[in-house]
Amino acid sequence: MELMLNKLKSTVTKVTADVTSAVMGNPVTREFDVGRHIASGGNKLAWKIFNGFKKSTKQEVAVFVFDKKLMDKYQKFEKDQIIDCLKRGVQQLTRLRHPRLLTVQHPLEESRDCLAFCTEPVSASLANILGNWENLPSPLPSDIKEYNLYDVETKYGLLQVSEGLSFLHSSVKMVHGNLTPENIILNKSGAWKIMGFDFCIQSINPSEQEPKFSSKEWDPNLPSLCLPNPQYLAPEYILSVSCETASDMYSLGAIIFAIFNNGKPIFEVNKQDIYKSFSRQLDQLSRLNSSNLQNIPDDVREHVKLLLNVTPAVRPDADQMTKIPFFDDVGAVTLQYFDSLFQRDNLQKSQFFKGLPKVLPKLPKRVIVQRILPCLTSEFVNPDMVPFVLPNVLLIAEECTKEEYIKLILPDLSPVFRQQEPIQASNMILLIFLQKMDLLLTKTPSDEIKNSVLPMVYRALEAPSIQIQELCLNIIPTFANLIDYPSMKNSLIPRIKNACLQTSSLAVRVNSLVCLGKILEYLDKWFVLDDILPFLQQIPSKEPAVLMGILGIYKCTFSHKKLGITKEQLAGKVLPHLIPLSIENNLNLNQFNSFISVIKEMLNKLEAEHKTKLEQIHVMQEQQKSLDITNQMKPLEESKVSSTGNQVEKTFSNLGMLTGGPDCKENGLMTNQRKGSLTLEEKQKLAKEQEQAQKLKNQQPLKPQPHAIIAPVKQTKDLTDTLRDNIASLTTQPISKPKVPSSSSFSSVGIGMGFSSSVENTKRNGLNANMGFQPSGFGIGTTSQNFFGNTGVTGMANMNMLPTVNMPSYSPLNTTSPAVQQSRSHDMSALDSLFGPQKPKVSMNQLSQQKTNQWLNQFPPPQGTNSCPLGTQMNVMGQTGFGLQGNPFFNPQNFTQPTNSMVNSSSANKDLSDLFG
């Protein structure tokens, strides 16, 4: 199979190459380019038809070529007869000019290999359409193979042939002599044209007399190309050797029969015994009835029977045939009117074009595209007719594919897009195009849209006619989705805004706002916020319709999912603009309610969004605080026991009671030691301190208690009692110098603990009289006080304390009975809990090296309390006393390891010396 296909392809290629080379030697090729083989026509379909173009004008033509190789089987004199016959037919066709005759564009040219001439563009011959595919290319062209005649094409085609015969018979006084389907050509527009005048017979009488035609006897010895087709020949040609115009009418009847019988002629003729065949045909024609013509439509069947009558006088003439009811079809009449359109004036044309849209839907698409569309587009050269022709052209464009539109319609529409004169016609053209803008934007290529279609829309927006502006603004939303975004943003929107601001028409201004509102969904959010919304504040008029249009744009932008208005825009621009507009006096109740409704929606959204934002910020801040506390408390999880012991020991070290230990290098006494030898009093102090530290170390360690890392708790009584007991026990020890100054005052403001700064009181009253708690309770002083009675103490660090809660009042220590004091001096078990069994004990001197105030700063004030400014209300060593309320310092569970060393000074040494001797 593949081998056969390759062989067929090779044969077709060879034949095409031979024909092309034959044509190339013909003078016709000097002016015309020859294309592909598309059809065949003429007597015996001897002419091959090619498409082509004129080189100078690119005008499309059809090139008829007779290849002389078809005469190879004939003798030379027979070849000459054939050539003469073919030349005669072409020359006769070239001299005749009529719309129903094939138009010759270039006369016959002869070369050594072929005969050739050019005509108007051609689709095929009627014989090809009816299934006679002789001398056609292989493979067969699809447009011929699939070609089916519509009724309107058949009716109007036969009407055209009848009109052509009428012209020949009445005006030219000529008989065609060989009217057959081979000699009827369908041009590119689908019109039926007559050709093949090889055997035409001219009248021998003068023109003013009754025509008379002479006929030649049938010569069977002539080549077939020198004889007419006997199957469509009237009987009188053969039987009586005569002819007249009625002979052509018989041929027309035979053609009608063949058309409605799939190309089959009414009689088959035996060319070997033609006389006998025609005698039999004559007998059959005399008995012809309706049963033999059953495939022919009823409204033309009787006329066909008359055309096939054996008596020429009974046959209708060509002029009578053009008037039969069969041709009174609306489609045929419409096509006939188009063929005579050049004879009509503008008024007649305009009336016809107005009614044409009602007829077009009744016609087949191929008929419309081939026959009607070229006639319509040819009227575009007449500016006054364009408004009447354009609606029909666009109606046809709707039924065309995009490819057909671009190829057949757009080239003729391009000049119309730019037409601006006359003004009245130009305005009508704009209105028509605007109504069909969706069609144009759908099928027109993007380049042509930017160059021709959109400029026309811009011109309509800037037109002086209010009607055109209104229509344009109303139509733009219908095709806005087809406009590319840059063109809409940079060209269309600015013109709509200008039309709104510059017009004096309320309708145009309102329609501009409505148009903008409808196309918002095709715009970018930030373009709307930055360009459209600020434009609304520029509109000067305050008519209710304008105000409602402004409100509509705000509402559409606010509620659209893709757009939306930010709360910053709502608060800063939109609401300040809408609220004054809502109280305009021109608004009625319903319009005011619409404004208020939108304003409330915006306010609710503004409130919800900003409240949500603030709540989120608050939650984030709380989470950050919690995270910070967790990070600060994390070391407590790892060194809970050790830290607790360190803090207690540091507390006593800061109080100046535990100063011994091998690592006490920052103590005030050690400072003096570094400066020089110790005095006896200093040595006695040091020995007593070491003895007290040793007692603390010999006590049983306290077990660590579980605790939660939360805000400080109020239960500080244990540590306070322990501290008070230790202080009381110290007071029972003998002091070598009774004149040691001491601070005994506690602030009664808030809850805290402190010592009096009066050295004189210490000397006067002694240690036991002044080391006590104020009956009014613990508090943070409002004035600066020294922890040990000297405001200049620099050896002890200042400690910033947290806000505290009220604590119960305690009596001064010096009011306690001696028995109680004695028992408390030996009860040191409360300190055992500060040292766990899992951690080694740390000396007080080591703990005293840390800065107390920095350790205290690690604990933030608990929620719900009033915090005091740091450095003013909670300075421990020199500011406002020793705070207790809510302070983790007094909770053993919350101690942490201090990091920085304390700073000592000579004044601290002096205070200790005065206090302990």
Side-chain angles (χ1 to χ4, degrees), residues 12-99 101-125 128 134-137 141 178 182-189 193-200 223-226:
V12 173
T13 304
K14 183 176 183 301
V15 172
T16 304
D18 293 341
V19 174
T20 304
S21 62
V23 176
M24 287 300 117
N26 194 283
V28 170
T29 58
R30 297 172 185 171
E31 299 183 24
F32 298 90
D33 291 324
V34 181
R36 64 184 182 90
H37 186 188
I38 58 173
S40 61
N43 193 25
K44 305 296 186 296
L45 297 176
W47 293 94
K48 292 182 177 181
I49 305 175
F50 296 81
N51 62 5
F53 296 89
K54 191 171 183 178
K55 293 181 179 179
S56 60
T57 61
K58 301 301 178 182
Q59 180 184 2
E60 189 176 2
V61 297
V63 181
F64 285 71
V65 178
F66 176 76
D67 190 358
K68 290 184 178 181
K69 290 182 179 181
L70 295 176
M71 302 184 300
D72 288 346
K73 60 182 180 179
Y74 297 108
Q75 299 295 325
K76 184 179 183 303
F77 73 95
E78 293 176 327
K79 293 180 181 179
D80 294 339
Q81 288 177 328
I82 294 173
I83 294 297
D84 291 341
C85 184
L86 295 173
K87 286 183 177 180
R88 181 175 181 270
V90 176
Q91 291 170 356
Q92 189 66 46
L93 178 64
T94 304
R95 285 194 295 267
L96 296 172
R97 294 288 181 177
H98 191 267
L101 305 182
L102 187 63
T103 302
V104 177
Q105 301 285 2
H106 188 84
L108 182 69
E109 297 281 1
E110 183 178 6
S111 64
R112 184 182 56 138
D113 297 323
C114 69
L115 299 175
F117 68 99
C118 297
T119 68
E120 61 183 299
V122 167
S123 296
S125 64
N128 296 152
E134 184 179 350
N135 211 15
L136 285 178
N178 191 27
E182 291 89 346
N183 288 320
I184 296 177
I185 303 296
L186 278 67
N187 70 1
K188 190 176 181 180
S189 299
K193 303 293 185 83
I194 300 174
M195 68 164 291
F197 290 89
D198 303 359
F199 308 104
C200 64
S224 61
L225 290 175
C226 296

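Since we're looking at a predicted model, the values are computed, not measured. The first residue in the sequence is number 1, and the count goes up from there.
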* Structure fact -> Across all chains, not counting sequence neighbours, the side-chain contact (heavy atoms from CB on, under 4.5 Å) partners of Arg88 are Cys200
* For Lys87, all residues meeting salt bridge (charged side-chain N to carboxylate O under 4.0 Å, His left out), sequence neighbours excluded -> Glu110
* Just jot down the side-chain hydrogen bond (donor to acceptor under 3.5 Å, both in side chains) partners of Lys188, sequence neighbours excluded, or say none. => Glu60
* Asked: Looking at residues at least two apart in the chain, or sitting in another chain, which of them share a side-chain hydrogen bond (donor to acceptor under 3.5 Å, both in side chains) with His106?
  -> Glu109
* Less than 4.5 Å apart, any side-chain heavy atom of Asp198 and any of Leu86? -> yes
* Take Val65 and Phe50, measure what side chain to side chain contact (heavy atoms under 4.5 Å, CB included) needs, and give me the verdict at the end. => CA-CA 8 Å; Val65 178; Phe50 296 81; 3.9 Å; yes
* Taking the side chain as C-beta and beyond, is there a heavy-atom pair between Leu136 and Lys48 under 4.5 Å? -> no
* Asked: salt bridge (charged side-chain N to carboxylate O under 4.0 Å, His left out) with Asp84: which residues, sequence neighbours excluded?
  -> none
* Structure fact -> Nearest heavy-atom approach of Thr29 to Lys55 is O-NZ, 2.9 Å
* To do: Applying side-chain hydrogen bond (donor to acceptor under 3.5 Å, both in side chains), name anything that partners Arg95, two or more places apart in sequence or on another chain.
  => Gln92
* **Atom of Tyr74, atom of Pro223 and distance for their closest heavy-atom approach** => CE2-CB, 3.6 Å
* May I have the step-by-step check of side chain to side chain contact (heavy atoms under 4.5 Å, CB included) for Ser125 and Leu45, ending in yes or no? => CA-CA 9 Å; Ser125 64; Leu45 297 176; 3.9 Å; yes
* Structure fact -> Here the gap from Leu101 atom CG to Thr94 atom OG1, rounded to the nearest 0.5 Å, amounts to 11.5 Å
* **Side-chain heavy atoms of Met195 within contact of Phe64, under 4.5 Å** => yes
* Is it true that a side-chain atom of Lys68 and a backbone atom of Ser111 form a donor plus acceptor pair closer than 3.5 Å? -> yes
* **Ser40 side chain vs Glu134 backbone, donor-acceptor pair below 3.5 Å** => yes
* **Partner residues of Ser56 under the side-chain contact (heavy atoms from CB on, under 4.5 Å) criterion, sequence neighbours left out** => Lys54
* **Check: Arg36 main-chain N/O paired with Asn51 side-chain donor or acceptor under 3.5 Å** => yes
* Residues which pass salt bridge (charged side-chain N to carboxylate O under 4.0 Å, His left out) with Lys76, listed by chain and number, not counting sequence neighbours -> Asp80
* Does the side chain to side chain contact (heavy atoms under 4.5 Å, CB included) test come out yes or no for Phe32 and Asn26, once each step is laid out? -> CA-CA 10 Å; Phe32 298 90; Asn26 194 283; over 6 Å; no
* **Gap between atom CZ of Phe77 and atom CD1 of Ile82 - 0.5 Å precision** => 10.0 Å
* Rounded distance [0.5 Å steps], CG in Asp67 versus CH2 in Trp47 -> 11.0 Å
* With the side chain counted from C-beta on, respond yes when Leu102 and Leu93 share a heavy-atom pair under 4.5 Å apart, and no when they do not. => yes
* Asked: Does some side-chain heavy atom of Phe197 sit less than 4.5 Å from a side-chain heavy atom of Leu96?
  -> yes
* To do: Could I get the full list of side-chain contact (heavy atoms from CB on, under 4.5 Å) partners for Asn178, not counting sequence neighbours?
  => Asn43, His176, Thr180, Asn183, Phe199, Pro228, Asn229
Can you give each donor-acceptor pair under 3.5 Å made by side-chain atoms of residues 114-123, sequence neighbours left out, with the distance rounded to 0.1 Å?
unit_1	atom_1	unit_2	atom_2	d
Glu120	OE1	Asn187	ND2	3.1
Glu120	OE1	Lys193	NZ	3.3
Glu120	OE2	Thr103	N	3.0
Glu120	OE2	Thr103	OG1	3.3
Glu120	OE2	Lys193	NZ	2.9
Ser123	OG	Asn187	O	3.1

* Asked: Listed by chain and number, what are the salt bridge (charged side-chain N to carboxylate O under 4.0 Å, His left out) partners of Glu78, not counting sequence neighbours?
  -> none
